[in-house]
Structure formats: C-alpha cells, structure tokens
Amino acid sequence: MSTQAARVLRVALRGEGILTSPRFNKGTSFTVHERKVFGLTGRQPWHVNTLEEQCRRAYDQLCTRETPIRKNTFLQSLKDQNWVLYYGLISRHLKELIPIIYTPTQADAIANYSHLFRRSEGMFLTFSNQDSMEEDFLEQTKGRDIQLFVCSDAEAILGIGDQGVGGIGITTAKSAIYTLLAGIDPSKSLAVTLDVGTDNEELLKDDLYVGWPHNRVRGKAYDEFIDKFVQLIRKHHPHSLLHFEDFGVNNAKRLLDVYRDQHAVFNDDIQGTGAVTLAALMSAIGVTKSKLSDQRILVYGAGTAGLGVTRQLRDAMVQLDALAESDANKRFYLIDRYGLVKESLGPKVRGDLREYVRPDAEWEGVPTNDRGEVELLEVVKRVKPTVMVGCSTRGGAFTEAVVREMAKGTERPIIFPLSNPSRLAEVDPKDANIWTDGKALMASGSPFPPCKNPQGGKDYIVAECNNALIYPGLGYGAMITQARSLSDSMIIAGAQRLASLSPALSDPDSALLPDFTDAREVNTQVAVAVAEQAIEEGLADVPWKKSEVHEHIVSGMWQPIYADFEYDPNGLH
Ligand SMILES: NC(=O)c1ccc[n+]([C@@H]2O[C@H](COP(=O)([O-])OP(=O)(O)OC[C@H]3O[C@@H](n4cnc5c(N)ncnc54)[C@H](O)[C@@H]3O)[C@@H](O)[C@H]2O)c1
Ligand SMILES: O=C(O)C[C@H](O)C(=O)O
Ligand SMILES: [Mn+2]
C-alpha cells in the first residue's frame, strides 16, 4: 500500500482506453501536457478543471436527483467513470453520502440489482462455471497486488435475506467504505460474489434476473465451491485479507472457524458487529458507572450477528473483568423465533448456541405462549435486563410494552436496535426515547436523527453502531502488518480504541460512539491499535517497532487526489 498523491504514475493506456478506465480517468482534470501525451486534446473540451471544481459540479448534479436510490445510481455511474472524483466527492460530504452508497440505500440497490443493472463491477464466480474458476479468477487478478478480497454468497444480505447475484452490491459497498474510511487503494481490493444460486422465488421468477437462475447449492458441493475459491486466494495472494460478508447463519461462523487457521480471514457480521457493539457498550457503562460483568444482556435475534455480539461481549467480560467463561455465559439471555433459548427447545436450538441455553428450572411459573415459548416481554419482566440488543431483522420488535417494562427494572436502559436497513430496526430510537422518558442510552445499526429531550435540554444523539465504524480499521491494521491472522485480542484492542474515542466519555449526555463525520480518523486510530497488537502478539510480518506504526498507517493510505501521469507502454494499465 502506498499513497499515490504527488507521485508520478507511468500509465500504458491512451485515448479512449484511459478515458474509460475509472482508475486512471481524470476527465476534465487531465493537464495540457497529459492531454498531448495521452492523445486527449481533441477528445476533451478546452478547460482544465481542478478536482475541487469537478467535485462541485458532480455535487450539483447529484443534488438534482431527488430520491436516495437515484442518488445511489448516479454515484455508482460516477464510480464506473472516475475513482478519484467519486471518492473525492464522497470524502467531502461523508456523513451525507455514506447512507446513499451504503446502509440503508444500498439495500434498495441490491434488491433491484437486475433492474438497475448498467455495468458490472467486481468479480462474479458462478457455481455453474466452476471448472474455469482459476482461469476466470486470474483474468482479473493476474499481476495485480490485491490485498483485500471482500466476498459474499448473498444468503443473508443486511436484514433483507437472500438476494442472489445482487449481493455483489454489499461487497462493492463494503470495499468502497474500506477506501473511504481506511484509505485502502481501490486498485488493491476486489469485491467478489459467489453465485451459488438463490432461493429467493421472486428473483427466480424474474426474467430480467442476471444471476444464475437456480436454487441455492448446499452441502458438500457448496463447501467444495467455497474451498476452491479460498484456496485460489491462498495460492495467488497469500498475504491478502479475506473479508466474508452476509453469509447465511449456517455458514458464516462455520466458514470462519474452518479458515481462521489457514489465512487472514474476517467475518464482518460476527467480528465487526461484535467489536463495534462492545465499544458502544463500554461507552454506555462508562455513563452508568457499572462494569461489563454487572450487565444482564438480552440479545434478540440469535443469528450470525446476535451470536457474534454475544461472544464478543462474553470474551470481553472474561478478558477485561476476569470473569470465568461459564459465569460470563450466564449474563446472556438469547431470544430467537422460538422465544427464549432454553433447555426444553432441544434440537430447535442451533448447536453453536449451546453455551447460552437457559435451564428450564429458571423459568418455572413464567407464562408461555401456546407453543410453550417464553416471549420477549416475559423475559424482560423476569430478567430485568440492563442491555437489550436487536439483531433479529424484525422491525418494531421492541414494543412500547417491552421498552416500558425494561425501564421499570433499570435506571438507564441500554438499547441497541442493530438491524438494518432502517425500517427493520427493532425500535425507532425516537419512540424508545419517549417511552423511557429520555433515560435510554441508545445506538442503532442505521442512521437515525437525534431525539428531543423530554425534560428539555440538548437533543440526544443516537450513535450509529454500524460495523463500518470499525471494520475498515480492523482490516487495515491486519493488512498493513501482513498479520497471519486477525486474532481476538487484535479485535478487542480495536474495540477498546474505538470506545476511548467516544464523546460520552467526557460528556455523559453525548453520543455513545464517535460521529460518522469522524469515521476516517476513528478507523485510522483503530488500525493503529490493531497493528500494535499484531506486533505485540508476534503475528505481524513487518519489522516495525510499535512506535513506528502510526506513521506507516497514515503514509500507507490511498488518498483521492490525482497523481501526475507519464506515458509508458510498459506501465500500468
Ligand atoms: N449494525 C450492524 O453493524 C450490523 C451488523 C450485522 C448485522 N446487522 C443486522 O442484524 C440483522 C441480522 O443479521 P444476521 O446476519 O445476524 O442475520 P441472521 O439471519 O443470521 O440472523 C437473524 C436471526 O434473527 C432471528 N429472527 C428472525 N425473526 C425473528 C423474530 N421475529 N424474533 C426473534 N428472532 C428472529 C432468525 O431466526 C435469526 O436467527 C440484520 O438486519 C442485519 O442488517 C447489523
Ligand atoms: O452492512 C451494514 O450496514 C452492517 C452489517 O454488515 C449488516 O449486515 O447489516
Ligand atoms: Mn453485513
């Protein structure tokens, strides 16, 4: 990784070739000299613009698009044309435009992928083409120093489920966030969709669907396909980071466990979500002046993210509060579709939830529904949770009755509705704020406006507890140190650094996490903490002292600034 700013790049493309390459295209910013050398003088209007001027023009054009999805489509086109302008523009309006290119708007772009389709971006590895997988892979990667692969099989996109080939849209968005917030050179990352079919009937019926129109491949054939892909990465890019995104609940954790010892792999929904939630909770307990191990934590939705959060918080109780693991497990109450995760549910409960199953004896006398399940409200009444985390995809699940009940049992209810996009949040923070008389300490997965303080005084800013506040830094810290793996301690170090940047630390009425306006600086700090920990643990493959890490992190970041170009037939293309 190196910054291209104020550098001369030797480029082999000329004429239409360079104008249609988003990596090298500068549009009206090619200098007079470059226009001559690259055959562009007659292909461009006379005026040479600065990047600043180009950003102004692009922003004006963007503002004529009225809906978020139209803005999203406009920005996608811009990315297809000119990376520096795209990243330059978004960097100048970070907080306004991240929700357009990422959560929540990108969910609509993904759901409508086949209809909005104009031009492909990223790599498509399809089950039916697996015989040529290596050839197809090398076609796009050969000779390229790719340091980051972001892949998805699109079975559980955000909270909107199986999106088939449209899932490429989450990997391209996550990659763009890596560039924006951790300075990953976009030419050194690749978004990959692993198209193993889809069980989404709407997509299968749609004659404009552009993916492989086949039911999802599962079992041994699926595992072999995924393995073929991972082995290609290990063979051709042994030092890269492999980021898994939005896999289904039966594969996410399993694949992470299989590959963790072979390669630097990272599952964002498990580890990224776990880390950002740990940071938000550390910040909240700073406000309530209590310990992590004092909390009674209710996790609603025990899928990939719910279990990732549970494990991360549990591990932090063990590591930071010196609690025995078996005692830490008891601080958690998990609820899924079948109510509280308790003993008598038997095989309904996934094997990986075993540690958190509550004994039936504990629930004697507690009312159940007609299926014998203990529902959320009853759990809240009995447990009096101090923390309630939602990862269920069930919008509105934290009802008025549930939230008011929680507020009876604890002075400052800590409520994190993490499901995305916005309409799937377990509670609208505005409502939870009213129902708790302004006492709730909140953080949400998608952005929400500040809440009015019922007692008067300043508005309450709802922190955005989205893994984007931390995963770019976690990944970059591992990448830049060429860490053999991304260890649990590296992740906790990143979460602690994030928590240390919380506004609530100095003012308890402020947000639990830093604002997305500062997300680049925040992720830089996270990357430093992660890299220092990698060096400390002996996992890094660079000869740096810890004191040198910050400088390497900053100087290794790609910036959206035009480099100067010289023509070289053997140069970059
Ligand atoms: N804020 C973040 O950074 C972040 C990160 C990852 C995931 N998420 C969000 O969390 C949600 C879940 O994602 P995931 O990857 O864990 O999906 P998942 O499918 O693995 O998990 C969802 C779980 O919720 C359960 N569930 C569904 N309906 C329920 C109901 N009515 N009551 C109780 N449980 C129910 C499912 O059975 C499943 O176990 C999504 O909306 C996703 O966008 C947010
Ligand atoms: O993509 C996001 O916004 C966060 C998270 O990874 C999710 O799946 O919801
Ligand atoms: Mn995700």
Side-chain angles (χ1 to χ4, degrees), residues 98-99 101-107 109-110 150-163 167 169-177 243-254 266-280 298-310 312 333-341 348-350 352-353 369 373-377 379 388-399 402 416-426 443-448 462-472 513 516:
I98 283 188
I101 62 156
Y102 180 63
T103 306
T105 313
Q106 187 68 354
I110 292 168
V150 183
C151 74
S152 182
D153 75 350
E155 189 175 1
I157 296 292
L158 305 161
I160 60 173
D162 184 342
Q163 297 299 327
I170 198 65
T171 58
T172 55
K174 293 274 175 182
S175 302
I177 294 288
H243 171 131
F244 288 101
E245 189 68 43
D246 292 354
F247 279 69
V249 67
N250 293 315
N251 294 320
K253 175 79 173 46
R254 199 171 60 81
F266 171 67
N267 184 297
D268 186 31
D269 299 287
I270 298 173
Q271 298 167 296
T273 315
V276 74
T277 309
L278 171 60
L298 191 159
V299 178
Y300 186 76
T304 304
L307 185 57
V309 166
T310 302
Q312 187 63 74
Y333 299 81
L334 273 48
I335 298 184
D336 208 274
R337 291 173 191 281
Y338 38 71
L340 177 78
V341 172
K348 262 196 201 166
V349 176
R350 286 195 327 275
D352 54 6
L353 301 181
N369 64 19
E373 301 159 348
V374 184
E375 292 184 352
L376 174 61
L377 181 59
V379 180
M388 200 155 66
V389 181
C391 301
S392 66
T393 74
R394 170 92 195 282
F398 298 168
T399 59
V402 165
F416 296 166
L418 299 186
S419 287
N420 299 319
S422 326
R423 68 189 158 79
L424 300 182
E426 282 75 8
S444 57
S446 299
F448 280 91
V462 182
E464 198 177 330
C465 184
N466 188 293
N467 47 29
L469 206 51
I470 199 164
Y471 81 75
L513 291 169
F516 261 73

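Each ligand, and each atom within it, is numbered from 1 in the order the structure gives.
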Asp246: its N/O/S atom lying closest to the Mn ion (ligand 3) (atom name):
OD1
Side chain or backbone, does Cys465 bring an N or O within less than 3.5 Å of an N or O on ligand 1?
yes
Closest non-hydrogen protein atom to atom 33 (C) of ligand 1, residue and atom name please, with distance?
Asp336 C, 3.3 Å
Which of the listed options, Gly339, Gly390, Ser392, holds the heavy atom that is closest to atom 35 (C) of ligand 1?
Ser392
Which atom of Glu245 approaches the Mn ion (ligand 3) most closely (N/O/S):
OE2
Of the backbone atoms (N, CA, C, O) and the side-chain heavy atoms from C-beta on, which set of Ala397 has a member under 4.0 Å from an atom of ligand 1: side chain, backbone, both, or neither?
neither
Nearest protein heavy atom to atom 14 (P) of ligand 1, by residue and atom, and its distance?
Ala305 N, 3.9 Å
Shortest protein heavy-atom distance from atom 5 (C) of ligand 2, along with the residue and atom involved
Asn467 ND2, 3.4 Å
Any sub-3.5 Å donor-acceptor pair from Thr273's side-chain atoms to Asp268's backbone N or O?
yes
Which residue and atom name correspond to the protein heavy atom nearest atom 31 (N) of ligand 1, and how close is it?
Arg394 CD, 3.2 Å
For ligand 1, note which part of Arg337 has a heavy atom under 4.0 Å away: side chain, backbone, both or neither.
both
closest protein heavy atom to atom 7 (C) of ligand 2 is Leu158 CD2, 3.6 Å
Would you say Asp269 contacts ligand 1, with heavy atoms under 4.0 Å as the rule?
yes
Considering non-hydrogen atoms of the protein only, which is the closest contact for atom 21 (O) of ligand 1, and what is the distance?
Gly303 CA, 3.3 Å
Identity and separation of the nearest protein heavy atom to atom 22 (C) of ligand 1
Cys391 O, 3.6 Å
Within the structure, does Asn420 bring an N/O atom to less than 3.5 angstrom of an N/O atom in ligand 1?
yes
Hey, does Leu424 sit under 4.0 Å from ligand 1 if you only count heavy atoms?
no
The Mn ion (ligand 3) is nearest to which N, O or S atom of Asp269?
OD1
Has ligand 1 got any nitrogen or oxygen that is less than 3.5 angstrom from a nitrogen or oxygen of Leu418?
yes
Heavy atom of the protein closest to atom 3 (O) of ligand 2 (residue, atom name, distance):
Thr103 OG1, 2.3 Å
Any Lys174 heavy atom less than 4.0 Å from ligand 2:
yes
Purely on distance, is any nitrogen or oxygen of Gly306 under 3.5 Å from one on ligand 1?
no
